[in-house]
Protein chains: 2
Amino acid sequence: MDPVERAHSVTIRDVARAAQVSPATVSRVMNRRSTVDVELARRVQQAAASLGYHPSAVAQGLARGRTDLVSILVPDLGNPMFQSVLRGISRAAGVEGYRVLVTDSHEMPLEEPFLAQETRLRTDGLVLCSPRSHDQELLELAGKLEPFVLVNRHVEGLLAPTVAVDYAAGIRALVAHLAGLGHRHVAYLSGPMASVSNQQRLDTLHASAEGRFELTVLECGSMHEDGYEAADRALGTGATAIIGYNDLVALGALGKFHAIGVSVPDQVSVVGFDDIAFARYASPMLTTVAVPQEALGEEAWQRLSAVLRGEEPPADVCFTPRLEVRQSTARNPR
Amino acid sequence: MDPVERAHSVTIRDVARAAQVSPATVSRVMNRRSTVDVELARRVQQAAASLGYHPSAVAQGLARGRTDLVSILVPDLGNPMFQSVLRGISRAAGVEGYRVLVTDSHEMPLEEPFLAQETRLRTDGLVLCSPRSHDQELLELAGKLEPFVLVNRHVEGLLAPTVAVDYAAGIRALVAHLAGLGHRHVAYLSGPMASVSNQQRLDTLHASAEGRFELTVLECGSMHEDGYEAADRALGTGATAIIGYNDLVALGALGKFHAIGVSVPDQVSVVGFDDIAFARYASPMLTTVAVPQEALGEEAWQRLSAVLRGEEPPADVCFTPRLEVRQSTARNPR
DNA sequence: CCATATGCGGAAAGCGGTTTCAGCGGTGCG
DNA sequence: CGCACCGCTGAAACCGCTTTCCGCATATGG
């Protein structure tokens, strides 16, 4: 009764009382369920409006067994690549009335399983974006994560819908490009060592560089600063071309070269991965392997959405990235 | 009973039954509330573990009247500025066990009130980031949004905790810098016309440019592409310096100039706002007004957190941005 | 040794909705 | 005119968990 103590929101019962109907009827009106007498409906609408009633999403969630929320877990919210995927999902999900809960694992693979489970518990489904955990861990976790979809990662034996990118093809295109420009020594600025996608790129790189050029691998990281810091180390190896783990790293290297007066691509070529928006606006414009980022998110949502509706999700998709040759690569000057 | 039909998750009752205790006791054990006999506790723990029990966040939310979720509404998830703020909030909130629900209004001021309310309904609190709506609208909405905090925007007469940036000071520093370099004609690439912050910058710009240089305003936008597209238009006005609405716009212009062979800063100076990470890595490195982005998010969380705990939030804070002079500005060549 | 304080655990009442089910009056048809 | 059916509404169960309240058993003090 105490108005101070009960600052709480107005409930369906309050509306029912005001409109002199039962809560059931209010619920029906609010949800346009079975037909309700037009006069009653009007009374309910009016009561709801004048009381400023809004149904509690939490209570609805409990009653309906559905929250209209989905989670997405990314390794680094600071990476435009994941931001784009997030945008893609967020936009597509929004159209169907779903909202998105974001969790950032801050590139800490060990935290990932816990975070994934924790965030999943709060929503109806989950999108795992470039998970850094091991296959084994994901397989064990799968049961508790369902329904979920996997983005940017294929896990053998996992039944979850997957939206992936054929990075191997991207690597091969990159290698062919650099070899074609006459480069005989290439440095790879490696991503987080724990990252599976880094491992894959590394394997493919080794395999396809074989016989074409010498490959030097330098531990680096996944962010701007890492690339910036590693750039001159890479140059020191004598490499004439540098492959960044992703665009962030490549752009970081670009920045460093500019700062120390090393000309790209005249003295050294630089390439990245992802084709984030800034790759096109950097100077020189970054040659990179273009991944359809928003489409990745969009496709991920299509699959999650289907599963949530109890339907069969579309078949797994694997985008073949496109080599985007711009200005940061040129013929080997030596 | 049918295992197919009841694929549903295991509830607290299942655990209670398995451990031969009441649901109340299970709850107590799970929440380490009042002391429970160690033997019983063990039984419960074990039952929970073996059944793979995890309490339903939704049910907890309803029962406790608290979701441990907060919302954040941003005008453009694609803007690194907001991503940083989001990171700041997300990180700070995470420490206290809160997760973040993100909503992107896609620079559509008219949608904002609806989205704000909608997203607020699902959580315990809201962070409104650079809202584009009018003061009036926000004032009317305030009651239904509480508790919330305002970032990057001050609204007269609004009691909500506010974390702001003194853009006027930034503008003045910028104007002084450009005037000091001898620029007599400056073009402003205006942000979304509906945006309040754009309006403010415009006003301050007009006021402080008075008597120092001629100011031409061009409608532009808030994104990369907008800046890219507007760059040569700006050059066409005869301006020797260009102020972008934000870094995205400025970097877009930089990209265009590079593409068409206009040298920055030799032929034209370019400055932006925010100091997103890429500003430092662009070439030439962008002169800009640096806003402490993650700190903005962090401070916002401190205030929201206090209100959620029922405490008095810290006083409003207003960061004074710092002019970050880099390489994209130089003396007027004419 | 009895009365009172103390602590632990279960029953039950919510939290704020949705949904099933049954009752009610009214209509159509035989 | 009576019966079956139909559409609309309210009562009540339920979603899964928390928390108050109460009873019981044991420890404690007089």
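Below, read A as the first sequence line, B as the second, and so on, with proteins coming before strands; counting in each chain starts at 1.
The nearest whole Å value for the distance from the CZ atom in A/R13 to the P atom in D/dA11 is 12 Å. Rounded to whole Å, atom P of D/dC17 lies 15 Å from atom CZ of A/R122. Counting to the nearest Å, the C1' atom of C/dG16 and the CZ atom of B/R64 are 17 Å from each other. Rounded to a whole Å, the CG atom of A/D14 is 13 Å from the C1' atom of C/dC15. Between the CD1 atom of A/I12 and the C1' atom of C/dG17 there is a distance of 6 Å, given to the nearest Å. Per the geometry, CZ belonging to A/R17 stands 14 Å off P belonging to D/dG10, to the nearest Å. The separation between A/R66 atom CZ and C/dT19 atom C1' is 14 Å, rounded to whole Å.
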Donor-acceptor pairs are to be reported for all side-chain atoms of residues 41-48 of chain A against protein atoms at under 3.5 Å, with residues two or more places apart or in another chain.
unit_1	atom_1	unit_2	atom_2	d
A/R42	NH1	A/Q46	OE1	3.0
A/R43	NE	A/A19	O	3.0
A/R43	NH2	A/A19	O	2.7
A/R43	NH2	A/Q20	O	3.2

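Note on A/Q60: a side-chain N or O is less than 4.0 Å away from OP1 or OP2 of C/dT18.
Under the 3.5 Å distance criterion, with hydrogens and angles disregarded, no donor-acceptor pair is assigned to the side chains of A/E111 and A/S105. Remark: the B/T123 side chain and the B/S71 side chain contain an N/O donor-acceptor pair separated by less than 3.5 Å.
For the side chain to side chain contact (heavy atoms under 4.5 Å, CB included) with A/L128, the lone residue among A/V155, A/L150, A/V151 that qualifies is A/L150.
With B/Q293 contributing its side chain and B/V85 its backbone, the two residues share no donor-acceptor pair below 3.5 Å. Using a distance-only test at 3.5 Å, with no hydrogens or angles considered, no donor-acceptor pair links the side chain of B/Q60 to the main chain of B/P55.
Using a 4.0 Å heavy-atom distance criterion, A/S27 is classed as a base contact.
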Got a list of protein N/O to nucleotides 6-12 of chain C N/O distances below 3.5 Å?
unit_1	atom_1	unit_2	atom_2	d
C/dC8	OP1	B/T35	OG1	2.8
C/dC8	OP2	B/T35	OG1	3.4
C/dG9	OP1	B/D37	N	3.3
C/dG9	OP2	B/D37	N	3.1
C/dG10	OP2	B/S22	N	3.1
C/dG10	OP2	B/S22	OG	3.1
C/dG10	OP2	B/T25	OG1	2.5
C/dG10	N7	B/R28	NH2	2.6
C/dG10	O6	B/R28	NH1	3.1
C/dG10	O6	B/R28	NH2	3.4

